[in-house]
Amino acid sequence: MKVGFVGLGLMGAPMSRNLLKAGHSVRAWNRTASKVDAFVADGGEAAASPADAAAGAEVVITMVTDSPDVQAVILGEGGVIEGAAAGTVVVDMSTISPEVTRSVGAALAERGVPMLDGPVSGGVLGAQNAALSIMLGGDPDAVEAARPVLEAMGTRITYCGALGMGQVTKLVNQVIVAGTMAAVCEGLVFGAKAGADLQAVFSAVTGGAANSWQLENLGARLLKDDFAPGFMVRLQQKDLRLIMESATAMNLPLFTTPLVHHLYRAVEGQGHGDEGTQAYVKALEALAGVQARFPDA
Ligand code: NAP
């Protein structure tokens, strides 16, 4: 299919490559031009603007940071809305506010352009391996039209309901991810303070009922003193903020999410906002006066 792609960041870069590998014809735009040069070197085409990426495309993917960024690349000057023909399906795969998603979708609908929200889970590894879980909201016919493109990026494609429900599902995912990360770090700091052999702890616990994606992937990284992002602390903070805004609007009490959000503020205050979310452990370590690392890290 003819695909326009906007946003070649940590996630968008491998996702766009998987579209090329699957045989789709992809024209991409990124704010920082050097990332487009790398995409062209890998066999893609360069677009001069989001509108240009959308021109002639059957499906347009946006994968940028936050709600205002999606508004800018879709509705702003030179945005997708200026290039997309009626019937082009726009799939926003960023994690943003469900309310903003619905308002952007309404503006596109006035031009006859259907929008889906399709946020993802699975991290950079899932993006590289075309193994993302994609959470879709919007018109089921538009989902079917975009399916060949989605299947080139993900293995589990779930229809979650009307526009915005993909984002709601992703926020459920993030509540669970944040709480799990907090528990993984607290457990490992507990072990370190008690003088446990953390190699033995990691081996035993990953084989039992407390195992998780977070422990296996991010627990392993922090134990090896590897804090490179996958998913940056500052992006997780954006997601936790989105969760708390929605909870406030619903008058829903939350307990773990605000706690984790505030601990991550301490991590940011220590200067680690651009590190991976496993840097959560650094806030606990500063309080505990101990480090949770493998001896050879
Ligand atoms: P990233 O590496 O920081 O990339 C962000 C991308 O958005 C870059 O291409 C950036 O362009 C572009 N961008 C941001 N603001 C823009 C604006 N106002 N106008 C135009 N372009 C703009 O982030 P990422 O990790 O790929 O995350 C992208 C989205 O996926 C986020 O919503 C994130 O929450 C979500 N997500 C991430 C992960 C993960 O593990 N990383 C997992 C699931 C979901 P520049 O290159 O010019 O900066």
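Just so you know, ligand 1 is whichever comes first in the structure, and atom 1 is the first atom listed for that ligand.
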- Item | Pairwise side-chain contact, Asp225 with Phe227, heavy-atom cut-off 4.5 Å (strictly under) | yes
- Message: Pairing donors with acceptors under 3.5 angstrom, does anything connect the side chains of Gln214 and Ser212?
- Response: no
- Message: Students should find this: residues with any non-hydrogen atom under 4.0 Å from ligand 1. What is the answer?
- Response: Gly7, Leu8, Gly9, Leu10, Met11, Trp29, Asn30, Arg31, Thr32, Lys35, Met63, Val64, Thr65, Asp69, Val73, Ser94, Thr95, Val120, Gly123, Val124, Lys170, Gly230, Phe231, Leu235, Lys238
- Query: So, are Asp42 and Arg17 salt-bridged, with charged N and O less than 4.0 Å apart?
  - Reply: yes
- Item | side-chain contact (heavy atoms from CB on, under 4.5 Å) partners for Ser203, two or more places apart | none
- Message: Are Met93 and Val113 connected into the same hydrophobic cluster when the rule is that any two of I, L, V, M, F, W, Y join if their side-chain heavy atoms are below 4.5 Å apart?
- Response: no
- Message: Just to verify, which of Gln174, His261, Lys170 counts as forming a side-chain hydrogen bond (donor to acceptor under 3.5 Å, both in side chains) with Asp239?
- Response: Gln174
